[in-house]
Structure formats: structure tokens, C-alpha cells
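Step one of this worksheet: look at the structure below.
Both counts, for ligands and for their atoms, begin at 1 and track the order of listing.
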Amino acid sequence: MNTNYELFLCTTLLVLVFLPCYRADPDPLQDFCIADPKSGITVNGFACKAARAAQSSDFFSSALRKGGSTDNPNGSNATRMDVTVFPGLNTLGVSMNRVDFEEGGINPPHVHPRASEVGYVAEGILYVGILSTENKLYSKILKAGESFVMPRGLLHFQYNMGPGKATQFVSFDSQKPGIAFAPQTLFGSKPEIPTEILAKAFRVDADIIEYIKSKFQDDCSSGVEAA
Ligand code: GLV
Ligand code: MN
């Protein structure tokens, strides 16, 4: 066997073995599979309604036409358009959010366990950042018309520097990317993470942790719907 051929074989093998690790949702096995939320069948995703029953309206959503209220401690709101509000997305491996910000509003540091995200600024000026697993911050100030990508599983955030409001449209390579906000997850979980663990982890006294926890009790005001 000549060396080029061996190299080709090895590379192909490596790609075939490792490629699935870099994909988000699985590939569809039919043209479409409109989710049937009423089906009692439990599968990875949602069961399909009969293909012959599909209508044009199943491929349409106006979910992102308007943003929700930003009157909350974050000064932001994420309106979801994932498979739970747009059943036509089922099995297609895509979804979107619209994020509206008051001036000074933030989308707190969070991760999406099942998707990479690419965000396009429609209005305003956003400071956005991602953190690598080596604790390096990659950040940029984005103006309207500009985009930034958030690799799957990496912590990221957005901040509206102003002046004025800002709106960003983000898309995901998953029908349901999921979301975990670092502050709420750590300080507002139910049941709570024991204070002594957080005090040790954050290298501060327990009363500081109790104080922060008090800010996240019954926190339905983050302005971002649960995943
Ligand atoms: C923005 O980062 C979002 O996840 O909606
Ligand atoms: Mn995000």
C-alpha cells in the first residue's frame, strides 16, 4: 500500500469515527416530522403527526415577530422558537431565539448543552463574549448587521452597551438547545446546593453565599423562559 493511500484510509476512518461527536441533533429520516405534542409515545424528540395531515401552517411560525417584556432584573427577554412552540422544527436540528435588551440589559452567562449558536444583531450595540475551557474570554462589540458564534457547551453572555435598546436573533443547530444560566443554576437550584460547598468553591464566607442565594429564590423574573 502506498503512503498516500494509507493516509487517506486513516483520515477517512478518523472522520467517520469522530464526526458524530461534532454534530448536534441527529439527521432526519424523512422529509419532515411535524411534532405531535399530544402523542403519548416517548421518543428522542417528539412523535410525528401523520405526513398526509401536514399543512402549510405547520411550516410557519410568527413566534419571533414580537419580543417579550424586559421588565426584570436582567433587563432582557429571550423569546424562544424551538420545537415546543414550532412543532414543524421536529427532527430538523434547527431553532431560533429573539433576545430583546433594555439599555444596560444583560443575557447572563449561560450554556446550551445541545447546540452551537450564531447570533445576528438586528438593532443596537452588544458586547458579547464566550469563555473557552481554558478560561480564555473571546469578546467583541457588535453593531447592527454583525454576528458572533457561540460554540456548543461554552459559557457565553451578551450586554447591551447602549445607547438605546438592542435586539438579537440567534439560531441553533438543535430543535431544543436547552439552556442553563450559571447564576440561577448555582444559586437558585431546587433543592439548593449546600452553602458550605458554594462557599468553598467561591472561596468566600457562607454569609456571602446566603446573600447571593437570597437574590435567586423563586426567581421567575430572569426574563428568560426555561428550556
Ligand atoms: C442567546 O444567547 C440565547 O441563548 O438566546
Ligand atoms: Mn445563548
Any [X] heavy atom less than 4.0 Å to ligand 1:
X: R80; answer: no
X: M150; answer: no
X: F172; answer: yes
X: Q168; answer: no

Is it the case that the ring center of F32 lies less than 6.0 angstrom away from the ring center of F59?
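Close enough - the centres of the two rings lie under 6.0 Å apart.
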Are F172 and H112 close enough that their ring centres sit under 6.0 Å apart?
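F172 vs H112: aromatic centres under 6.0 Å.
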Report the protein N/O/S neighbours of the Mn ion (ligand 2) that fall below 2.8 Å; do not count waters.
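Listed by chain and number, the atoms are H110 NE2, H112 NE2, E117 OE1, H156 NE2.
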Does a salt bridge link D58 with K49, judged by any charged N lying under 4.0 Å from a carboxylate O?
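Salt bridge present between D58 and K49.
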Going by an N to O cut-off under 4.0 Å, is there a salt bridge joining E102 and K165?
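Between K165 and E102 there is a salt bridge, with a charged N closer than 4.0 Å to a carboxylate O.
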Can you confirm whether Q168 sits close enough to Q158 that some side-chain heavy atom of one is under 4.5 Å from a side-chain heavy atom of the other?
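In contact.
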P28 and C33, any side-chain heavy atoms less than 4.5 Å apart:
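Heavy-atom side-chain distance check fails, nothing below 4.5 Å.
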Could you list the atoms of ligand 1 found under 4.0 angstrom from a heavy atom of [X]?
X: H156; result: 2 (O)
X: H112; result: 3 (C), 4 (O)
X: E117; result: 1 (C), 2 (O), 3 (C), 4 (O)
X: V99; result: 5 (O)
X: N107; result: 1 (C), 2 (O), 3 (C)

Criterion side-chain contact (heavy atoms from CB on, under 4.5 Å) against F46, the qualifying member of L89, T84, I41, I34
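Filter result, single survivor: T84.
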Would you say S214's side chain and Y211's backbone share a donor-acceptor pair under 3.5 angstrom?
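Judged by distance alone, yes, a pair lies under 3.5 Å.
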Just by modelled atom types, is the G188 backbone N or O under 3.5 Å from a matching donor or acceptor in the E192 side chain?
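Absent.
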Starting from atom 5 (O) of ligand 1, locate the nearest protein heavy atom and write down its residue, its atom name and how far away it is, to 0.1 Å.
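For atom 5 (O) of ligand 1, the nearest protein heavy atom is N97 ND2, 2.9 Å.
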Any link between L137 and M161 through a network of hydrophobic side chains (Ile, Leu, Val, Met, Phe, Trp, Tyr) touching at under 4.5 Å?
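Yes.
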Residue pairs involving residues 34-46 (criterion side chain to side chain donor-acceptor pair (under 3.5 Å); sequence neighbours excluded)
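Matches after skipping sequence neighbours: none remain.
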